[in-house]
Amino acid sequence: MIIAESERTVIRNWRPDDLDLFWLINSDETVMEFFPARRNREESKAMMDRLTQMIETTGYGFFALERKSDNVTMGFMGLALTDLEPALPKGLPEVGWRLAPQYWGSGYATEAAERLLELGFGERGLAEIVSFAVQGNTRSTAVMERLGMVHDLARDFDHPRIPDTHPQLKRHVLYSMTADLWQRRRDNR
Ligand SMILES: CC(C)(COP(=O)(O)OP(=O)(O)OC[C@H]1O[C@@H](n2cnc3c(N)ncnc32)[C@H](O)[C@@H]1OP(=O)(O)O)[C@@H](O)C(=O)NCCC(=O)NCCS
């Protein structure tokens, strides 16, 4: 099932043959620098099955990101509904990303995320989409800034699912894009 396409990417539901890539992005030390846990192949398979199911039933979640030129799967891109109470209201739409390192530095994450903002605001009528990352994950906040999202300092939060064993990963910065801001940026292009 294809969710959306950008010039160089396809955003789609998962296929069984994505598992090796999905496992890699859940276990690679460089990719997972700002996450407390690593997932083995079996845990990655279970997570991929859960994501597949969620996408099929709700249309939201973390989708596979494929490069058009050679059909390789590069990682995931999400237009998902948060479940991080009490830090964030349940069901707040977020955009998120995780690519294997060999696909960094080519603009794929920003390009695909632009398309997900268009899906969220232009096609699904959302009022706001947020994105968040560990303070210091500058590669991720740079994507947010390239998208024109605005850092909302008042809504920075401590992630409720980060265990006390990793205090340095708790504090998260929150960036926001409202439908109004998205439309204004669009009109100014
Ligand atoms: C966050 C992450 C997706 C960012 O990836 P990225 O490749 O840096 O981001 P983009 O795809 O937007 O690419 C931008 C870079 O490509 C460059 N680029 C090259 N060709 C380009 C093109 N045709 N168009 C746009 N940018 C291009 C840009 O100049 C920029 O380079 P810079 O980082 O040297 O400034 C990636 O680092 C990642 O997966 N990290 C691990 C997981 C993670 O932390 N996820 C976020 C959790 S909140």
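Everything numeric in this text was worked out from a predicted model, so none of it was measured.
- No hydrogens or angles considered: a donor-acceptor pair under 3.5 Å links the side chains of Thr73 and Asp18.
- Salt-bridge annotation for Glu66 and Arg12: present, with a side-chain N of the basic residue lying under 4.0 Å from a carboxylate O of the acidic one.
- Side-chain contact between Glu94 and Ile129 is absent, with no heavy atoms from C-beta onward closer than 4.5 Å.
- For the pair Glu43 and Trp23, the minimum side-chain heavy-atom distance is 4.5 Å or more.
- Remark: the Gln183 side chain and the Asp187 side chain contain an N/O donor-acceptor pair separated by less than 3.5 Å.
- Few gaps surround CE on Met32; more than 12 heavy atoms of other groups in view lie less than 6.0 Å from it.
- Note that CG of Leu92 and CG of Leu84 are 9.5 Å apart. Values are rounded to the nearest 0.5 Å.
- With hydrophobic clusters built from ILVMFWY side chains whose heavy atoms lie under 4.5 angstrom apart, Leu21 shares a cluster with Met47.
- Leu174 and Trp182 are assigned to two separate hydrophobic clusters, defined by single-linkage of ILVMFWY side chains at heavy-atom distances under 4.5 Å.
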Q. Between Ile162 and Phe35, is a side-chain contact (heavy atoms from CB on, under 4.5 Å) present by the stated rule, with each step listed?
A. CA-CA 8 Å; Ile162 303 294; Phe35 295 85; over 6 Å; no
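- Considering every non-hydrogen atom in both Leu99 and Trp104, the closest pair reads O-NE1, 2.7 Å.
- In the displayed structure, Lys45 atom NZ is contacted under 6.0 Å by at most 12 heavy atoms of other residues, nucleotides or ligands.
- Applying the ring pair (Phe, Tyr, Trp, His ring centres under 6.0 Å) rule to Phe22 yields the partners Trp14; only residues at least two apart in sequence or on another chain are considered.
- Counting heavy atoms from C-beta on, the side chains of Met1 and Glu56 come closer than 4.5 Å.
- The hydrophobic clustering, which links ILVMFWY residues whose side-chain heavy atoms are closer than 4.5 Å, places Met149 and Phe157 apart.
- Residues Tyr108 and Arg67 bring a donor and an acceptor atom of their side chains to less than 3.5 Å of each other.
- In the hydrophobic clustering of ILVMFWY residues, with side-chain heavy atoms under 4.5 Å counting as a link, Phe62 and Tyr103 come out together.
- When all heavy atoms of Leu24 and Pro101 are compared, the closest pair comes out as CD2-CD, 4.4 Å.
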Q: Test Met54 against Tyr60 for side-chain contact (heavy atoms from CB on, under 4.5 Å), laying out the working first.
A: CA-CA 7 Å; Met54 176 167 292; Tyr60 286 89; 5.7 Å; no
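- One distance of note links NE2 of His151 with OG of Ser176; it measures 11.0 Å at 0.5 Å rounding.
- Criterion: ILVMFWY side-chain heavy atoms under 4.5 Å apart, direct or through other members. Under it, Val173 and Leu147 are part of a common hydrophobic cluster.
- By the 4.5 Å heavy-atom criterion applied to side chains, Ile11 and Ile2 are not counted as neighbours.
- Residues Leu81 and Pro93 are in side-chain contact: their nearest non-hydrogen atoms beyond the backbone lie under 4.5 Å apart.
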Q: Check the pair Glu114, Arg189 against salt bridge (Lys or Arg N to Asp or Glu O under 4.0 Å), reporting the backbone distance first and the verdict last.
A: CA-CA 14 Å; Glu114 290 265 14; Arg189 273 189 189 157; 3.4 Å; yes
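- The two residues Ala109 and Met77 have their closest heavy-atom pair at O-CE, 3.5 Å.
- For the pair Met48/Leu19, a side-chain contact is recorded, criterion being any heavy-atom separation below 4.5 Å from C-beta on.
- Around the CD atom of Glu42, the shell of radius 6.0 Å holds no more than 12 heavy atoms that belong to other residues, nucleotides or ligands.
- Ser27 and Arg38 share no side-chain donor-acceptor pair at under 3.5 Å.
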Q: List the steps, then state whether side-chain contact (heavy atoms from CB on, under 4.5 Å) holds for Glu7 with Lys68.
A: CA-CA 8 Å; Glu7 189 186 339; Lys68 276 185 179 171; 5.9 Å; no
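- Heavy-atom neighbours of Asp164 CG from other residues, nucleotides or ligands within 6.0 Å: at or below the threshold of 12.
- Taking the side chain as every heavy atom from C-beta outward, Val134 and Arg171 never approach each other to under 4.5 Å.
- Distance check, rounded to the nearest 0.5 Å: CG of Leu79 to CG of Leu126 gives 6.5 Å.
- Looking at Glu118 and Arg186, their side chains come closer than 4.5 Å, going by heavy atoms from C-beta outward.
- Atom CG in Leu51 sits 7.5 Å away from atom CZ in Phe76 (nearest 0.5 Å).
- Salt-bridge check for Arg98 with Glu33: failed, with every basic side-chain N at 4.0 Å or more from each acidic carboxylate O.
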Q. Between Lys90 and Asp83, is a salt bridge (Lys or Arg N to Asp or Glu O under 4.0 Å) present by the stated rule, with each step listed?
A. CA-CA 5 Å; Lys90 191 174 167 70; Asp83 187 11; 3.2 Å; yes
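- Atom-to-atom distance recorded for Leu116:CG and Ser6:OG is 9.0 Å, nearest 0.5 angstrom.
- Note: Ile55 CD1 to Asn13 CG = 4.0 Å, rounded to the nearest 0.5 Å.
- No side-chain donor from either of Thr138 and Thr141 sits under 3.5 Å from a side-chain acceptor of the other.
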Q: Begin with the C-alpha distance, continue with both residues' side-chain angles, and end with the deciding distance and a verdict on salt bridge (Lys or Arg N to Asp or Glu O under 4.0 Å) for Arg115 and Glu5.
A: CA-CA 7 Å; Arg115 186 63 188 89; Glu5 286 183 53; over 6 Å; no
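- Between the side chains of Glu128 and Thr178, no donor N or O sits under 3.5 Å from an acceptor N or O.
- Contact between Val95 and Ser131 at its shortest, heavy atoms only, is O-OG, 2.9 Å.
- Geometrically, Arg155 does not engage Tyr175 in a cation-pi contact defined by less than 6.0 Å to the ring centre and at most 45° from the axis.
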(Q) Before you tell me yes or no, could you show the steps for Asn26 and Ser44 under side-chain contact (heavy atoms from CB on, under 4.5 Å), namely the whole-Å CA-CA distance, both residues' side-chain angles and the distance that decides it to 0.1 Å? (A) CA-CA 7 Å; Asn26 287 319; Ser44 294; 3.6 Å; yes
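- Residues passing the ring pair (Phe, Tyr, Trp, His ring centres under 6.0 Å) test with His159 are His172, sequence neighbours excluded.
- Here the shortest heavy-atom pairing between Arg185 and Gly148 reads NH1-CA, 3.4 Å.
- Closest approach of Leu117 and Met177 over heavy atoms only: CD1-CE, 4.2 Å.
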